[in-house]
Amino acid sequence: MATQRRSFSCRLLCAIFFTPIFVVGIIFLILWLSLRPHHPKFHVKQFTLQGLGQTTGYLNVNVTVRNPSHRVRICYDSMRGSVYYKDQRVGVVSVFESHYQEPKNTTILHYVYNEPLTLTTQASNNQRTIEIMNDRTQGMVVYSLQFKSVIKYKGSMWDKRSHRMRATCNVGVGPNGVILAKYKDRQCHVHMS
């Protein structure tokens with residue numbers, strides 16, 4: 001009888017001690033899941049690149065950026081966009097200087113670049129231009145569209161530091177320089193550091 005009382009009192013003592021710890025742990029898990037920031041999501045909606053290497057060039061880019069977080073705003077420092085063909089940069093443009101994005105919000109990044117577009121290093125310029133022309137005659141040229149910024153999450157008690165963000169979108173265009181249907185609305189890869 002005495003061992004049963006000890007066993008019962010030991011179970012009761014353990015239940016009294018571990019139940020609050022378990023409840024507090026569940027509460028922290030729910031808070032962490034609801035308040036943690038999510039990375040922004042980029043999708044290419046429109047992309048036109050015409051006149052590469054000619055006296056008149058035209059770049060038209062339309063990208064949506066979604067903040068999927070429920071309660072956390074994203075503060076972007078200045079964002080720059082670059083277009084690459086393989087390892088050569090074709091064009092660079094400043095997308096915006098500074099921007100706050102509210103939770104569950106989609107921002108449209110739209111820019112038009114009406115200046116001559118050239119490959120940045122003269123040594124491989126001729127070789128890359130020949131490669132682009134060959135790809136164009138085969139029906140598709142694949143470019144890499146990159147966006148770089150430094151972001152901070154606002155409203156999150158978990159993360160107060162700055163992060164370097166790089167979004168990379170592969171975009172295939174046809175001989176006319178307009179995005180192909182299979183590349184439209186693709187989600188871009190976002191890398192944070």
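Sequential numbering from 1 along the given sequence is applied to the chain's residues. Note that the structure is a prediction, hence the values are computed from the model and not measured.
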For residues His38 and Tyr153, determine if any side-chain heavy atom of one lies less than 4.5 Å from a side-chain heavy atom of the other.
no

More than 12 non-hydrogen atoms from neighbouring residues, nucleotides or ligands closer than 6.0 Å to CD1 on Ile26, yes or no?
yes

Least distance between heavy atoms, Pro175 atom then Gly139 atom:
CD-O, 3.5 Å

Are Tyr111 and Val63 connected into the same hydrophobic cluster when the rule is that any two of I, L, V, M, F, W, Y join if their side-chain heavy atoms are below 4.5 Å apart?
yes

Out of Val178, Val83, Asn62, which residue meets the side-chain contact (heavy atoms from CB on, under 4.5 Å) rule with Phe47?
Val83

Regarding Tyr85 and Asp135, do their side chains bring together a donor and an acceptor under 3.5 Å, going by distance alone?
yes

Can a donor-acceptor pair be found, under 3.5 Å and without considering hydrogens, that links the side chain of Thr48 to the backbone of Gly177?
no

Decide yes or no on side-chain contact (heavy atoms from CB on, under 4.5 Å) for Tyr143 and Ile132, but give the supporting numbers first.
CA-CA 10 Å; Tyr143 294 101; Ile132 290 171; 3.9 Å; yes

Any chance you could measure Lys148, atom NZ, to Thr168, atom OG1, to the nearest 0.5 Å?
8.0 Å

To the nearest 0.5 angstrom, please state how far the CE atom of Met192 sits from the CZ atom of Arg164.
11.5 Å

Co-membership, hydrophobic cluster, residues Met79 and Val150, 4.5 Å side-chain:
no

Would you check, one step at a time, whether the test side-chain contact (heavy atoms from CB on, under 4.5 Å) holds for Ile179 with Val44?
CA-CA 9 Å; Ile179 189 171; Val44 177; 3.8 Å; yes

Check whether any side-chain heavy atom of Cys188 sits under 4.5 Å from a side-chain heavy atom of His43, and report yes or no.
no

Give a yes or no on whether Lys45 atom NZ has more than 12 heavy-atom contacts from other residues, nucleotides or ligands under 6.0 Å away.
yes

Testing the basics here: between Pro20 and Ala15, what is the closest heavy-atom pair and its distance to 0.1 Å?
CD-O, 4.3 Å

With side-chain contact (heavy atoms from CB on, under 4.5 Å) as the criterion, how do Phe147 and Val190 come out once you've worked through the C-alpha distance, each side chain's angles and the decisive distance to 0.1 Å?
CA-CA 9 Å; Phe147 296 96; Val190 176; over 6 Å; no

What distance do Ile74 atom CD1 and His163 atom NE2 have between them, rounded to the nearest 0.5 Å?
10.0 Å

Any side-chain heavy atom of Arg166 sitting closer than 4.5 Å to one from Gln146?
yes

Is any side-chain heavy atom of Ile151 less than 4.5 Å from a side-chain heavy atom of Pro40?
yes

If we ignore hydrogens and angles and just use 3.5 Å, is the side chain of Thr137 paired with the main-chain N or O of Asn134 as donor and acceptor?
yes

What distance do Asn67 atom CG and His39 atom NE2 have between them, rounded to the nearest 0.5 Å?
12.0 Å

Are Val61 and Leu59 packed together at the side-chain level, in the sense that at least one heavy-atom pair is separated by less than 4.5 angstrom?
yes

Exercise: identify the closest heavy-atom pair between Tyr100 and Cys75:
CE2-CB, 3.5 Å

Would you check, one step at a time, whether the test side-chain contact (heavy atoms from CB on, under 4.5 Å) holds for Tyr76 with Lys152?
CA-CA 7 Å; Tyr76 297 89; Lys152 291 181 184 175; over 6 Å; no

Hey, is NZ on Lys184 packed in by over 12 heavy atoms from elsewhere, all under 6.0 Å?
no

Check: His189 ring centroid to Phe42 ring centroid under 6.0 Å
no

Rounded distance (nearest 0.5 Å) linking atom CG of Asp77 with atom CE of Met165:
10.5 Å

Which of Arg71, Lys154, Arg73, Arg66 passes salt bridge (charged side-chain N to carboxylate O under 4.0 Å, His left out) with Glu102? It is Arg73

What's the shortest heavy-atom distance between Gln101 and Val65, and which atoms?
NE2-O, 2.7 Å

Could you tell me if the side chain of Gln187 sits less than 4.5 Å from the side chain of Lys41, heavy atoms only?
yes

CZ of Arg136 to CD of Glu131: how many Å apart, nearest 0.5 Å?
13.5 Å

What pair of heavy atoms forms the shortest contact from Pro103 to Ser69, and how long is it?
CB-O, 3.3 Å

